[in-house]
Amino acid sequence: MSGSEPLLRVEGLEKYYESESDFIDRLLGRQKEVKAVDGVSFEINEGETLGLVGESGCGKSSIGRSVLRLREPTAGSVYFKGQDITTLSDSELRDLRKEMQIIFQNPQSSLNPRLTVNDIIGEALDIHGIEGGVSRDARIKELLERVGLNASHANRYPHEFSGGQLQRIGIARALAVDPGFIVCDEPVSALDVSVQAQILNLLEDLQDELGIAYLFIAHDLSVVEHIADQIAVMYLGKIAEIGTPEELFAPPQHPYTEALLSAIPEPDPLWEGDRILLEGSVPSPIDPPSGCKFHTRCPRVIPPSDYEFEQEEWRAVMSLRHRAREADIAVETFDAEGAELTAALREELDLPSALSDPEAEQVVQEALRSVADEAFADAERLLSETFETPCTTDEPVLRRTDAGRVACHLFDPAYENGASDGTAAGDGPTTSDGTSAGSAPSGGD
Ligand code: SF4
């Protein structure tokens, strides 16, 4: 490994799964792929921590497992100490596992209930032929003490321990082989808050003493805020923003990071805004939105420059468009018709009684009439053809800013003057992490 080579370098990692499509789809060869990880790149230096954060289903655990090749990546490279481990044979990979370990989310289910602690930790030593005889027992006792347990615990079974103690055993098992890198896959999310802090402190102390690097996966920004040297925020298989904690929190740049930060129960003192409630849930990775995958929920989605929208009005129009596309408006449940029905729909969709721009208002009225007739496709087509925004047509790429890197058109000079500036994101410079600035096909969501 050269002096400048990071311990771990991940380039363009992809992990796709086959979806569980129904019988007809399989018969017609229409089986779709779930893009759990869709072109992710990052680096981790020796003794440092990268925190990987996002909601459930954003692909963060798939990254953790793909990096260790517990699941085979679909594409991309994973360089550990300069060597691409995606090309290693099974036996070469077995040798490497000494250096790359994992701590699981649920210590209860990750420890064999029929083995004593001595056997659980000893198993890791045996697999790699590290210690035998008396020194084996001494090593296990030393590991137990190192993680804050008693050496006498070696002869007990998992059911005799609390959740926090079990996670300490899981950490001891990972440490047994002296790894230089550990994937911590949500190691504290199954624990009580008071125990979480103890486990985080333990992991930090171990890093200071042993120089281990961590890929620390969490769904909550507050968990990684103090432990991480860098934080990557993920949304639907892609990195939305990456930077140091200081860069990310003061202030957050990507609208998704902003929403995640505002959701922390006791927000960071640097956070001065109101709580941002995101609409809906994370879309399915089987059929993700075009352009920016966050556009179906983004509070700052870019309005078309040909119309005068208030930001909240525009968000409501985008939500109408998205729900029309999904045919997700139960028109039959409204006990009304004509103007009354349109008014009820406006209320349901958070649309004001009249938009600020009279021309935009005309278009929305026509779309609402189509929705009232359950002609959802017509409504969606009208809205997407009339109101153009790069957020639905061009996929943003990570660009360096004054504070980290962010994948959002709001930070793309091509769109500085609004949505119809005309230059696609793909014409911008290539990002420093090597991802190309490609454009997604235009069209509906
Ligand atoms: S590209 Fe558009 S939709 Fe995506 S985060 Fe930025 S403003 Fe929001």
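Remember, it's a predicted structure, so these values are computed and weren't measured experimentally. Note that ligands are numbered from 1 as they come in the structure, with each ligand's atoms numbered from 1 the same way.
Between Leu166 atom CG and Arg168 atom CZ the span is 11.5 Å, to the nearest 0.5 Å.
Of all the atoms in ligand 1, the ones that sit under 4.0 Å from a non-hydrogen atom of Leu410 are 7 (S). Taking a cut-off of under 4.0 Å to the non-hydrogen atoms of Pro255, the atoms of ligand 1 that pass are 5 (S).
Residue contacts to atom 6 (Fe) of ligand 1: Cys391 brings no N, O or S atom closer than 2.8 Å. The distance from atom 8 (Fe) of ligand 1 to the nearest N/O/S atom of His295 is not under 2.8 Å. Taking backbone and side chain together, His254 holds no N, O or S atom under 2.8 Å from atom 4 (Fe) of ligand 1.
Side-chain atoms of Glu241 and Thr257 include a donor-acceptor pair closer than 3.5 Å. Remark: the Ser194 side chain and the Asp192 side chain contain no N/O donor-acceptor pair separated by less than 3.5 Å. In this model, a donor atom of one side chain and an acceptor atom of the other lie less than 3.5 Å apart for Thr401 and Gln253. Using modelled atom types, one finds a donor on one side chain and an acceptor on the other under 3.5 Å when comparing Glu55 with Tyr256. In the model, Ser62 has a side-chain atom that pairs as donor or acceptor with a side-chain atom of Tyr17 under 3.5 Å.
Of the options Cys298, Gly291, Cys292, the smallest heavy-atom separation from atom 8 (Fe) of ligand 1 is shown by Cys298.
The nearest protein atom to atom 7 (S) of ligand 1, hydrogens excluded, is given as Arg300 O, 3.5 Å; this is a heavy-atom distance. For atom 6 (Fe) of ligand 1, the closest non-hydrogen atom on the protein side is Cys408 SG, 2.3 Å.
A tilted orientation is assigned to the rings of Phe294 and His254, their planes being inclined by 30° to 60°.
Counting heavy atoms closer than 4.0 Å to ligand 1, residue His409 contributes atoms from both its backbone and its side chain.
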